[in-house]
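Read through the structure below, which is laid out as structure tokens, and then see the notes.
Numbers restart at 1 for each chain; the letters A, B, ... are given by sequence-line order, proteins then strands.
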There are 2 protein chains.
Amino acid sequence: MNTLAYILLGILAREPLSGYDLARLLKKHFGPFWAISHTQIYPALAQLVEAGFTTYEIIEQQARRPDKKIYQITEAGQGALRAWVEAPTSPTVIRDEFLLKAYSLWVADPEHMQGIFREQIALHQERLFMHEQELEAKRTKYLAMSQGNSESLVMAELIFKYTISYEQNYVSWCNGVLHYLEQREEAHRVEEI
Amino acid sequence: MNTLAYILLGILAREPLSGYDLARLLKKHFGPFWAISHTQIYPALAQLVEAGFTTYEIIEQQARRPDKKIYQITEAGQGALRAWVEAPTSPTVIRDEFLLKAYSLWVADPEHMQGIFREQIALHQERLFMHEQELEAKRTKYLAMSQGNSESLVMAELIFKYTISYEQNYVSWCNGVLHYLEQREEAHRVEEI
DNA sequence: TAGCACATGTAACTTGTTACATGATTAG
DNA sequence: CTAATCATGTAACAAGTTACATGTGCTA
């Protein structure tokens, strides 16, 4: 069982879903911080079934669509998920290609790089906006249901809070570099006169 | 040429180094945000030589140590590096396993999870401290050399600034979750009475 | 005398991405 | 008529990790 398998288990612990639905949910909620393609999901689900952590039932579809397989977590699966959550996590590596480019920024054209940084800022601001909207959506959903499993919703909220602060930090860093680049250009111009 | 090759080029553009030295420098400076093992570095360097982006000279070692290969960036290599830096970067995925565990936090034992979060906080605080120290070291190095390629040092500084703010953000988020867990425990205790 | 620093590499394995494959329905 | 949505999968490839391999000199 690898991380992907536990991600799927974590979602199935909230509600039973098909592989397709899992892919969609993952793209929407986890897209920017853990991209998973459907080609990974299907073998992983088969693995989970083989390990006895999930079962599935085939739903015959109307309108002659391909049959659905709805996956459900088993008790063994819940135990495995819990063990994974409680186990120590090895330190994360960020692996951000853009930061590495920034490290070699000095070899590139400064004016061009201002454009590149503006692009990145726009991208992360868009993500920020998206996450803020999703947080709002979760909040209203949370208020609507006064009973039930509210804790799982609180955790989803906390994840969005993290991604929001992450994107805010990213944008403000990019802005800092951009200001540096602009200032330097200014200084160069003064030198020339 | 993949990202790894350009990372190596980016370092070699600053100073010629051996594979072993590259591995050491990468571990020290890039460790927490782009881990690279030496087993990846050697084939990548061979690839760079084949592409004509680097050359190397063999340095015979005293004390009967294995011979060193010192790699140097070529003009073609500098061009390739620049093209990579100036090219648009596809959006980063964070891929943080701990966040995914947090998403499934509600299935685990709350008291145990407080311990897990305290561990993470300690880890990231340690990293934060490390980065702050390295930033200081870069600053003194930067002030010491009044001439030369100061811009590459400025960029290295900016990277450390990013990692520092990243870790600060991470720690403060973990603290938020921890407070939530503590509060919830408190509430449960009151309920019981 | 055990382990670490130096120095370079290969091979097997795991994980993730891209391309391919099928096939109906519905909206623009 | 083209693209998107629904729905599941396989296969080839790229990237990254772990284990193995060699050999000396220094330190605890």
Starting at atom [atom1] of [X], determine the distance to atom [atom2] of [N], rounded to an integer number of angstrom.
X	N	atom1	atom2	answer
B:Glu97	C:dG16	CD	P	10 Å
B:Lys27	D:dT17	NZ	P	13 Å
B:Ile41	D:dT17	CD1	P	11 Å
B:Ile36	C:dT8	CD1	P	16 Å
B:Tyr71	C:dT8	OH	P	7 Å
A:Asn2	D:dA15	CG	P	20 Å
A:Leu45	D:dT8	CG	P	9 Å
A:Glu60	D:dC6	CD	C1'	17 Å

Q: Look at B:Gln40 and D:dA15 and indicate whether a side-chain polar atom (N or O) is within less than 4.0 Å of OP1 or OP2.
A: no
Pull out every protein N or O sitting under 3.5 Å from an N or O of nucleotides 5-7 of chain C, one pair per line with the distance.
unit_1: C:dC6; atom_1: OP1; unit_2: B:Arg24; atom_2: NH1; d: 3.1
unit_1: C:dC6; atom_1: OP2; unit_2: B:Tyr20; atom_2: OH; d: 3.1
unit_1: C:dA7; atom_1: OP1; unit_2: B:Gln61; atom_2: NE2; d: 2.2

Q.
Checking side-chain polar atoms at under 3.5 Å, does A:His124 have a donor or acceptor matched by the opposite partner on A:Gln120?
A. yes
Q: Indicate whether the side chain of B:Glu86 and that of A:His112 have a donor and an acceptor atom separated by less than 3.5 Å.
A: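 Checked: B:Glu86/A:His112 side chains show no N/O donor-acceptor pair below 3.5 Å.
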(Q) Quick check: on DNA chain C, is the nucleotide nearest A:Leu4 upstream (toward 5') of the one nearest B:His38, or the reverse? Name the residue that is more 5'. (A)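 Between the two, 5'-proximity favours B:His38.
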Q: Tell me which of B:Pro43 and B:Arg95 sits closer to the 5' end of DNA chain C, going by the nucleotide each one is nearest to.
A: B:Pro43
Q.
Just checking A:Tyr170 against B:Tyr166, ring centres under 6.0 Å apart?
A.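 Ring centroids of A:Tyr170 and B:Tyr166 are no less than 6.0 Å from each other.
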**Q.** Ring centre gap for B:Phe30 and A:Tyr103 strictly below 6.0 Å
**A.** yes
Going by atom type alone, with no hydrogens or angles, which donor-acceptor pairs under 3.5 Å involve a side-chain atom of residues 126-135 of chain B and a protein atom two or more places apart or on another chain?
unit_1: B:Arg127; atom_1: NH1; unit_2: A:Thr92; atom_2: O; d: 3.1
unit_1: B:Arg127; atom_1: NH2; unit_2: A:Thr92; atom_2: O; d: 3.0
unit_1: B:Glu134; atom_1: OE2; unit_2: B:His29; atom_2: ND1; d: 3.4

Q) Side-chain donor or acceptor of A:Thr39 under 3.5 Å from a matching atom on the base of C:dT18? A) yes
(Q) Surrounding NZ of A:Lys138 (heavy atoms of other residues, nucleotides or ligands, distance under 6.0 Å), is the total greater than 12? (A)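 Atom NZ in A:Lys138 is packed in, count exceeds 12.
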**Q.** All side-chain hydrogen bond (donor to acceptor under 3.5 Å, both in side chains) counterparts of B:Ser165, not counting sequence neighbours
**A.** A:Asn169
